[in-house]
Q: 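Here it is: the structure, laid out below.
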Amino acid sequence: MKITMVLDVVCAHSYIAYTRLARVLRRHREGGGTAELEFRPFQLAPDAPDEPEPLLDALREAFGPGALESARRIAQAAAREGLDLRYERAVGANTFHAHRLIAQAAAQGRAEEMVERLFRAHFTDGLYLGDPEVLARLAEEAGVTVSEGGEAELRQELESVRALGVRAVPVFEFEGGPTLTGEQSEEAFTAALRAA
């Protein structure tokens, strides 16, 4: 069975939902089930500069002063999932090359490990995902060999996702089953897995 997740690695809702889905998939696989998780790219801020900017400043700029309270609430919700979202350390980034790294990881059977490491690098470690050296180090940690190329294919894939009408993430498509959007519960993922 194939599950497709559309995500951005600087999206807290994607991180929380991915964490819940990963738990469901771990139980499913431990019980003898099989499931392939495929990732499709989406950029929340495709025009983000190629320079680091404190994430809270970027959020305040984009959404106004209420963004800080929203970030605090999201961090509290994430903590209940065992995640440590440190918005005060996080750095806004253009995620194009992070998505290229995920595609390379997928070709090597390491996409899930790479996605989790990128989420944690951004939200917990305060690492700048626009830095090629940072990405190379994270790839090594996830057991992924980095190579050149893939930019044209990634641009085409990003355009393909937008052409489907995706305007927000996360989105989950269960082959032969439902399509879910947003921060779904573990129960909802389990039900979708059964339906598929």
Side-chain angles (χ1 to χ4, degrees), residues 3-24 37-50 52-64 66-103 105-106 111-130 134-135 138 142 154 157-162 164-173 179-186 188-189:
I3 303 163
T4 302
M5 177 181 184
V6 184
L7 79 160
D8 197 356
V9 290
V10 294
C11 170
H13 301 292
S14 291
Y15 192 11
I16 292 169
Y18 171 73
T19 300
R20 291 173 180 163
L21 177 61
R23 286 191 200 117
V24 169
L37 181 54
E38 175 185 272
F39 298 98
R40 296 194 75 186
F42 182 87
Q43 288 187 281
L44 288 176
D47 300 321
D50 288 327
E53 178 183 16
L55 182 61
L56 287 176
D57 290 352
L59 291 174
R60 194 184 297 112
E61 220 173 86
F63 303 108
L68 303 184
E69 176 58 25
S70 176
R72 188 186 64 77
R73 282 196 311 270
I74 292 169
Q76 288 175 338
R80 290 192 290 274
E81 301 294 329
L83 302 176
D84 184 13
L85 271 59
R86 301 181 186 181
Y87 276 93
E88 71 284 357
R89 294 178 63 183
V91 182
N94 185 308
T95 56
F96 183 84
H97 292 290
H99 283 297
R100 191 172 67 85
L101 183 54
I102 293 168
E112 292 179 44
E113 295 86 349
M114 193 72 258
V115 164
E116 190 283 328
R117 187 62 190 103
L118 287 165
F119 276 134
R120 192 161 32 92
H122 175 69
F123 283 105
T124 303
D125 302 336
L127 298 177
Y128 175 50
L129 298 186
V134 168
L135 292 176
L138 296 173
L154 176 56
E157 181 70 355
L158 284 162
E159 185 53 44
S160 171
V161 167
R162 284 205 172 268
L164 291 173
V166 175
R167 297 291 175 262
V169 288
V171 177
F172 302 88
E173 186 177 304
T179 296
L180 306 175
T181 58
E183 278 181 38
Q184 298 293 321
S185 66
E186 289 186 39
F189 284 132

Q: Can you name the residues that form a side-chain contact (heavy atoms from CB on, under 4.5 Å) with Ala106, not counting sequence neighbours?
A: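 Ala106 satisfies side-chain contact (heavy atoms from CB on, under 4.5 Å) with Ala111 only.
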Q: Can you give me the closest heavy-atom contact between Met114 and Ala142, atom names plus distance?
A: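 In this case the closest contact between Met114 and Ala142 is SD-CB, 3.8 Å.
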Q: For Ala12, what residues pass the side-chain contact (heavy atoms from CB on, under 4.5 Å) criterion, not counting sequence neighbours?
A: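 If we apply the side-chain contact (heavy atoms from CB on, under 4.5 Å) test to Ala12, skipping adjacent residues, the hits are Ile74, Leu85, Tyr87, Phe123.
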Q: Within the side chain of Asn94, is there an N or O that forms a donor-acceptor pair under 3.5 Å with the backbone of Ala48?
A: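 Confirmed, Asn94 side chain pairs with Ala48 backbone.
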Q: Please list, chain by chain and in numerical order, all residues satisfying side-chain contact (heavy atoms from CB on, under 4.5 Å) with Val6, sequence neighbours excluded.
A: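 Listed in chain order: Arg40, Phe42, Val161, Val166, Val169, Val171.
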Q: Once side-chain contact (heavy atoms from CB on, under 4.5 Å) is applied, do any residues pair with Arg60, and if so which ones, sequence neighbours excluded?
A: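 Arg60 satisfies side-chain contact (heavy atoms from CB on, under 4.5 Å) with Asp57, Leu68 once adjacent residues are dropped.
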Q: So which atom in Leu129 and which in Ala121 form the shortest heavy-atom distance, rounded to 0.1 Å?
A: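 Answer, listing the atom of Leu129 first, then Ala121: CD2-CB, 4.1 Å.
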Q: State which residues pass salt bridge (charged side-chain N to carboxylate O under 4.0 Å, His left out) with Glu38; sequence neighbours excluded, sorted by chain then number.
A: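 Only Lys2 meet the salt bridge (charged side-chain N to carboxylate O under 4.0 Å, His left out) criterion with Glu38.
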Q: Which residues pass the side-chain hydrogen bond (donor to acceptor under 3.5 Å, both in side chains) test with Arg162, sequence neighbours left out?
A: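 Applying side-chain hydrogen bond (donor to acceptor under 3.5 Å, both in side chains) to Arg162 gives none.
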Q: Quick one: salt bridge (charged side-chain N to carboxylate O under 4.0 Å, His left out) partners of Arg73, sequence neighbours excluded?
A: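 Glu69.
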Q: Can you tell me if Arg86 uses its side chain to pair, donor with acceptor, with the backbone of Asp125 under 3.5 Å?
A: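 Checking the backbone N and O of Asp125 against the side chain of Arg86, no donor-acceptor pair under 3.5 Å is found.
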Q: I need the full list of salt bridge (charged side-chain N to carboxylate O under 4.0 Å, His left out) pairs touching residues 94-103, with sequence neighbours left out, sorted by first then second residue.
A: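 Residue pairs passing salt bridge (charged side-chain N to carboxylate O under 4.0 Å, His left out), neighbours aside: Arg100-Glu151.
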Q: With sequence neighbours left out, write down each residue that passes salt bridge (charged side-chain N to carboxylate O under 4.0 Å, His left out) with Glu159, or none if nothing qualifies.
A: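 By the salt bridge (charged side-chain N to carboxylate O under 4.0 Å, His left out) rule, Glu159 matches no residue at all.
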Q: Mind checking side-chain hydrogen bond (donor to acceptor under 3.5 Å, both in side chains) for Glu112 and listing every partner two or more places apart, or none if nothing turns up?
A: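 By the side-chain hydrogen bond (donor to acceptor under 3.5 Å, both in side chains) rule, Glu112 matches Arg29.
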Q: Who pairs with Glu116 by salt bridge (charged side-chain N to carboxylate O under 4.0 Å, His left out), at least two apart in sequence or on another chain?
A: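 Listed in chain order: Arg120.
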Q: Measure the acute angle between the ring planes of Phe172 and Phe189, then classify it against the limits of 30° and 60° as parallel, tilted or perpendicular.
A: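 Geometry flag for Phe189 against Phe172: perpendicular rings.
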Q: What residues form a side-chain hydrogen bond (donor to acceptor under 3.5 Å, both in side chains) with Glu88, not counting sequence neighbours?
A: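 Here no residue qualifies.
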